[in-house]
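Take a look at the structure set out below.
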Amino acid sequence: MARPALEIADIFRDHGPAWRQANAGHVSLGQLKVMSAIESCRTVALGGHVMRCEDCLHTQIAYNSCRNRHCPKCQGSQALAWMKQRKSELLDVPYFHVVFTLPARIAAIAYQNKAVVYDLLFKASSQTMRTIAADPKRLGVKIGFTSVLHTWGSAMSHHPHVHMIVPGGGISLDSTRWIGCRSNYLLPVKVLSRLFRRLMLEMLLAAHAGRLQFFGDHADLADKARSRPISRRCIGPSGSSIASGRSPGRSRCWPICPATPTASRSPTAASSPPTRPA
């Protein structure tokens with residue numbers, strides 16, 4: 001495949017030093033390491049190896065890759081391998097697409113506490129799906145799914161949310177048979193949303209005792225005596241949102257927001273994202 005005329009590495013090499021200087025103190029060490037890795041990827045800075053034909057003595061130098069998970073040049077093969085592994089796990093049943101999204105108030109706190117809040121997002125969404133699916137009034141099954149964390153939206157703004165690919169059914173609670181759902185309906189969105197909001201808030205309040213850090217506009221929440229306002233500031237009147245929809249095939253899904261039905265391709269990863277099968 002031909003090398004593109006312009007790569008992200010070219011932009012970093014030409015404008016990275018000036019940008020880093022202009023944003024000194026606002027760029028994390030991890031982000032600086034990513035930029036450095038991308039700039040050095042497949043250059044003499046990382047060394048390489050020489051291939052030579054014994055007959056014509058043609059020589060070709062191949063420089064080493066950085067293998068950073070954020071590097072666009074290094075993640076093509078890994079992305080294909082990840083997708084192949086996930087495809088091998090699919091069952092011959094309809095699939096549904098469910099998205100658990102944090103509201104802006106919690107997203108702002110998550111930006112300052114990424115590891116903690118992202119972990120809570122996985123736990124709260126997973127517990128929500130398992131609990132509602134196991135309810136005999138709903139499906140009454142032990143359900144499985146694959147969860148993928150996305151931390152940025154299409155507008156490249158911080159927007160943490162979890163995508164779930166959920167089979168249309170599960171194993172009965174006595175583990176004796178498969179119970180499928182209706183062809184166009186998995187679980188009630190409003191019921192999922194209410195439980196997810198409650199679980200997420202409870203976990204945030206529990207994590208407030210020593211696990212969360214607050215800076216800037218949220219610095220006042222560091223006071224444990226002021227932990228109660230977290231519920232009003234984080235959840236507010238709108239709460240968190242959930243979008244769900246049926247996936248009629250393994251390559252398409254139909255996300256349906258409670259207010260505006262839309263159709264789009266099933267989300268695919270440009271790189272191997274954080275994922276948790278359940």
Side-chain angles (χ1 to χ4, degrees), residues 77-102 118-119 121-151 154 160-200 240-278:
S77 60
Q78 286 87 340
L80 291 176
W82 185 87
M83 293 295 292
K84 186 177 181 179
Q85 291 173 354
R86 301 292 78 76
K87 186 176 180 180
S88 68
E89 298 168 354
L90 295 178
L91 305 175
D92 190 19
V93 298
Y95 274 78
F96 290 78
H97 177 212
V98 183
V99 182
F100 289 86
T101 304
L102 294 181
Y118 293 167
D119 181 62
L121 175 56
F122 269 121
K123 289 179 178 178
S125 58
S126 173
Q127 187 174 335
T128 297
M129 288 298 298
R130 291 174 182 270
T131 300
I132 302 302
D135 187 346
K137 295 186 297 182
R138 310 299 177 188
L139 281 176
V141 299
K142 293 181 285 186
I143 202 168
F145 42 82
T146 297
S147 298
V148 179
L149 173 67
H150 284 189
T151 55
S154 57
H161 55 285
V162 162
H163 289 268
M164 284 187 177
I165 303 300
V166 188
I171 304 298
S172 61
L173 298 181
D174 59 4
S175 301
T176 60
R177 59 194 176 97
W178 173 270
I179 299 177
C181 67
R182 288 185 287 177
S183 61
N184 60 350
Y185 184 84
L186 180 64
L187 294 167
V189 171
K190 290 185 178 179
V191 175
L192 291 171
S193 184
R194 284 196 296 267
L195 179 58
F196 175 66
R197 283 198 297 267
R198 178 173 67 80
L199 291 175
M200 193 69 205
S240 53
S241 61
I242 298 178
S244 67
R246 178 177 180 268
S247 175
R250 294 183 179 179
S251 62
R252 286 188 66 86
C253 66
W254 300 89
I256 303 176
C257 298
T260 308
T262 60
S264 68
R265 287 281 181 183
S266 178
T268 56
S271 61
S272 303
T275 176
R276 293 189 183 182

What pair of heavy atoms forms the shortest contact from [X] to [Y], and how long is it?
{"X": "Met164", "Y": "Phe100", "result": "SD-CE1, 3.7 Å"}
{"X": "Thr128", "Y": "Leu195", "result": "CA-CD2, 3.9 Å"}
{"X": "Leu139", "Y": "Cys181", "result": "CD2-CB, 3.6 Å"}
{"X": "Pro167", "Y": "Val93", "result": "CB-CG2, 3.9 Å"}
{"X": "Arg182", "Y": "Phe96", "result": "O-CZ, 3.9 Å"}
{"X": "Ala134", "Y": "Leu173", "result": "O-CD1, 3.7 Å"}

Partners passing side chain to side chain contact (heavy atoms under 4.5 Å, CB included) against Gln127 (at least two apart in sequence or in another chain):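 Result, side chain to side chain contact (heavy atoms under 4.5 Å, CB included) vs Gln127: Thr131, Leu199, Met203.
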Partner residues of Ser175 under the side chain to side chain contact (heavy atoms under 4.5 Å, CB included) criterion, sequence neighbours left out: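 Side chain to side chain contact (heavy atoms under 4.5 Å, CB included) check on Ser175 returns Lys142, Ile171.
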Nearest-0.5 Å distance, [atom1] of residue [X] to [atom2] of residue [Y]:
{"X": "Phe145", "Y": "His163", "atom1": "CZ", "atom2": "NE2", "value": "15.0 Å"}
{"X": "Leu186", "Y": "His97", "atom1": "CG", "atom2": "NE2", "value": "12.5 Å"}
{"X": "Leu149", "Y": "Asp119", "atom1": "CG", "atom2": "CG", "value": "10.5 Å"}
{"X": "Arg198", "Y": "Arg194", "atom1": "CZ", "atom2": "CZ", "value": "11.0 Å"}

Ser88 side chain to Gln85 backbone, donor-acceptor under 3.5 Å: yes
Side-chain donor or acceptor of Thr101 paired with backbone N/O of His161 under 3.5 Å: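 No, the answer is negative, given that no donor and acceptor are paired below the 3.5 Å cut-off.
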Candidates Ile143, Val191, Leu192 - the one meeting side chain to side chain contact (heavy atoms under 4.5 Å, CB included) with Arg138: Val191
Stepwise side-chain contact (heavy atoms from CB on, under 4.5 Å) check, Val99 with His150: CA-CA 10 Å; Val99 182; His150 284 189; over 6 Å; no
